[in-house]
Amino acid sequence: MSGGPRVRFAPSPTGYFHVGSARTSLYNWLFARKMGGTFVLRIEDTDTERNRREWLDGICESMAWLGLNWDEGPYLQSERRPDHIAALQRLHSQGDAYYCDCVREEVDKRNEANGRKTPGYDGFCRDRGLEAGEGRALRFKVGAGDPVVVHDLIRGDVVFERDTLDDFVIAKPDGSPLFVLANTVDDISMRITHVIRGEDLLPSTPKGMLVYRALTDAEYPAFAHLPMLVNEKRQKLSKRRDPVAIEDYRSKGFLPEAMVNYLALLGWSPGNDREILPLAEMVTEFKIERVNHSPAFFDVAKLEHFNGEYIRALSVEDFLSRAEPYLREGYSEAQHYVGSFESGIVGFKQIAPLVQERVSKLSDAWPMADFLFVEDDSVAYDSAAWEKVMVNGKVAAAGMLSGAVELFELGDWDAEALKSATSSVGEKLGLKLGKAQAPLRVAITGKTVGPPLFEAMVALGRESVLSRLKSAQEKLGG
RNA sequence: GGUCCCAUCGUCUAGUGGCCUAGGACACCACCCUCUCAAGGUGGAGACACGGGUUCGAACCCCGUUGGGACUGCCA
């Protein structure tokens, strides 16, 4: 493939894969797919203090899970160090960079003494002609000249006067290249044509452009700065205080297609009133110019709704296979009272469609169906449910249980028959079906809510149901 | 403090000068459906931050104010 645009997603592996990073990655991916371009994955791991191999693996796994396949990479920025060093040397020898031995405190003190309004670096070492040495960082010389204009595909032109740009550091005293340098050098050598990234990087873009021009006459890449994702306090999502790890959403039972769909709509809309749309359609509809300017709140409630929609759209077989790992997890964490997983799953398969339309996350399946996995004498009664239905409504509950035990012994064992049997027991007690089924539900599932009761009874089998009704009777009587 | 970005219902958004008494979705409320819970259906409440311009006409264009945010690191 040549000729098409080249974009890159360039995360730094310093933690779990962030929903904001996922959104950035997705937009790059959509753009590349839409334009028939190339999507490059580049890992910016130059900060050796904070980077860890496991985070890198996490990024790759999460991207694969979301279906964001990359065409090149992952390239490790750390392995491109020779290129960066060469660029550094070239900038220095060209006179575009100089060594500086100022420390923070000195600069601050000078700025204060000079009453300088912009408290950044003051250019103290610019003309001192220092050579490389201990404690000497390399700074890029911004100098005078025309303002730097970032042509942003989303925001239009953003103008930066050069005197508002400090001479920024491009290499540490030990020679390590820093972000703006490494990032720019890599974009040049990877022939990146479109830089699509978070708005937090907008202030560093003019600096990158200066480095870019000092290193090559090639045309600048086009830039597109995506609006931030924010929390309820409208602040940039933070790994420390906000629930942002893609891994966590995955383990809670969110579907990758729902996640991608939701993320795509955070800052972009196809323009008609459609929200739920398949990936392929997002690709054809995607236009980077249509991305919003303002920050978006990551609303888990809406994500859950999307997830529910996607779960309900699954075939039953697909739902079953996707839900099974979550059932296994619930099962293994509840081992103190469960029976065999295999027998439970047999029952689950029978009511799967009924569960499917009631959950918004795959992890909701276990609490809704755990009664299928427990031994008949170990139903875990929810204490509030027992109190409300069995204790407060003791007379009705006792009547329902004994009536049901009597009727369920004989007769057809299907949902319709069980429903009418329950109705008739209820009628004798002056109870409508809604009230009548409650004690049976608690006796059988331990809860007041769950999948449709009569189908659940069928899945459980006559023997188990009778046994559970009798256990409840005993507990109630005793 | 400085530089830059942003501003439509609580939230995500549609809207690119007349189609807007501003549309959709989530959340919320009510009702219907109903064996519980969901799902579904119907209805409801709910927004153009403010002030000036420009124009026959402004949510849309310009300026200002206010508010929010990002950056301001020898992190990325």
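The shown structure was predicted, so the numbers you read here are calculated from the model rather than taken from an experiment. Letters A, B, ... mirror the listed sequences (proteins, then strands); counts begin at 1.
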Complementary nucleotide for [N] - Watson-Crick or wobble, under 3.5 Å:
N	answer
B/A76	none
B/G51	B/C63
B/A30	B/U42
B/U36	none
B/C20	none

Closer than 3.5 angstrom, by distance alone: can the side chain of [X] be matched with the main-chain N or O of [Y] as a donor-acceptor pair?
X	Y	result
A/S420	A/A417	yes
A/N307	A/L255	yes
A/R441	A/K447	no
A/R128	A/C100	no
A/R358	A/L354	yes
A/N272	A/R274	yes
A/E406	A/V425	no
A/T205	A/L201	yes
A/R290	A/W268	no
A/S25	A/S21	no

### Task
Could you point out which residue of A/F254, A/F306, A/Y16, A/F17 forms a ring pair (Phe, Tyr, Trp, His ring centres under 6.0 Å) with A/Y249?
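By the ring pair (Phe, Tyr, Trp, His ring centres under 6.0 Å) criterion, A/Y249 pairs with just one of A/F254, A/F306, A/Y16, A/F17: A/F254.
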
### Query
Which of these passes ring pair (Phe, Tyr, Trp, His ring centres under 6.0 Å) with A/F168: A/F140, A/F179, A/Y98?
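The option that passes is A/F140.
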
### A/R52 and A/E54 ion-paired at < 4.0 Å
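Judged by the 4.0 Å cut-off on N to carboxylate O distance, A/R52 and A/E54 do form a salt bridge.
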
Atom-pair distance ([atom1] on [X]; [atom2] on [N]), nearest Å:
X	N	atom1	atom2	value
A/L265	B/U11	CG	P	17 Å
A/N307	B/A25	CG	C1'	16 Å
A/E275	B/G23	CD	P	16 Å
A/M228	B/A7	CE	P	16 Å
A/L266	B/A25	CG	C1'	13 Å
A/L202	B/C4	CG	C1'	6 Å
A/D242	B/G69	CG	P	14 Å
A/L237	B/G69	CG	C1'	13 Å

Taking only the [atom1] atom of each, what is the distance from [N] to [M] in whole angstrom?
N	M	atom1	result
B/C26	B/A39	P	10 Å
B/A38	B/G24	C1'	23 Å
B/A22	B/U8	C1'	8 Å
B/U65	B/G1	P	14 Å
B/U21	B/C31	C1'	26 Å
B/C48	B/A7	P	16 Å
B/A47	B/A59	C1'	10 Å
B/C60	B/C28	P	33 Å

Using a 4.0 Å heavy-atom cut-off to protein, can you give one letter per nucleotide of [range], 5' to 3': B if the base is in contact, S if only the sugar-phosphate is, - if neither?
range	answer
nucleotides 31-41 of chain B	----BBBBSS-
nucleotides 71-76 of chain B	S-SBBB
nucleotides 14-22 of chain B	SS-------

### Query
Has A/R80 got its NZ or CZ under 6.0 Å from the middle of the six-membered ring of A/Y75, at an angle within 45 degrees of the ring axis?
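Pair A/R80/A/Y75 does not count as cation-pi.
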
### Query
If you draw the axis of the six-membered ring of A/Y27, does the NZ or CZ of A/R23 fall within 45° of it and under 6.0 Å from the ring centre?
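Judged by the rule (NZ or CZ under 6.0 Å from the ring centre, within 45° of its axis), A/R23 counts as positioned above A/Y27.
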
### Query
Out of B/C4, B/C26, B/U13, which has the shortest distance to the side chain of A/V158?
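For the A/V158 side chain, the nearest candidate turns out to be B/C4.
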
### Task
Return the orientation label for the A/F408 and A/W413 ring planes: parallel under 30°, perpendicular over 60°, tilted otherwise.
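Ring orientation, 0 to 90° scale: perpendicular.
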
### Query
What is the ring orientation for A/F298 with A/Y262, classed by angle as parallel under 30°, tilted 30 to 60°, or perpendicular over 60°?
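Plane angle over 60°, so perpendicular.
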
#### Entry: Those residues that, when tested against A/D163, pass side chain to side chain donor-acceptor pair (under 3.5 Å) (two or more places apart)
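Checked A/D163 against side chain to side chain donor-acceptor pair (under 3.5 Å); zero matches.
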
Contacts under 3.5 Å, N or O only, protein and nucleotides 63-67 of chain B:
none

#### Entry: Any donor-acceptor N/O pair under 3.5 Å between B/G68 base and A/Q235 side chain
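Answer is no: no donor-acceptor pair is held.
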
### Query
Going by modelled atom types, is there a donor-acceptor pair between the base of B/A25 and the side chain of A/K302 at under 3.5 Å?
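By the distance-only test, yes, there is a pair.
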
### Task
Please figure out whether A/R155 or A/Y262 has its closest RNA chain B nucleotide nearer the 5' end.
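Nearest-nucleotide comparison on RNA chain B picks A/R155.
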
Show the distances under 3.5 angstrom between N or O atoms of the protein and N or O atoms of nucleotides 59-62 of chain B.
none

### Task
Tell me what A/G267 touches on the nucleic acid: a base, only sugar-phosphate, or nothing, going by heavy atoms under 4.0 Å.
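Sugar-phosphate, no base atom in range.
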
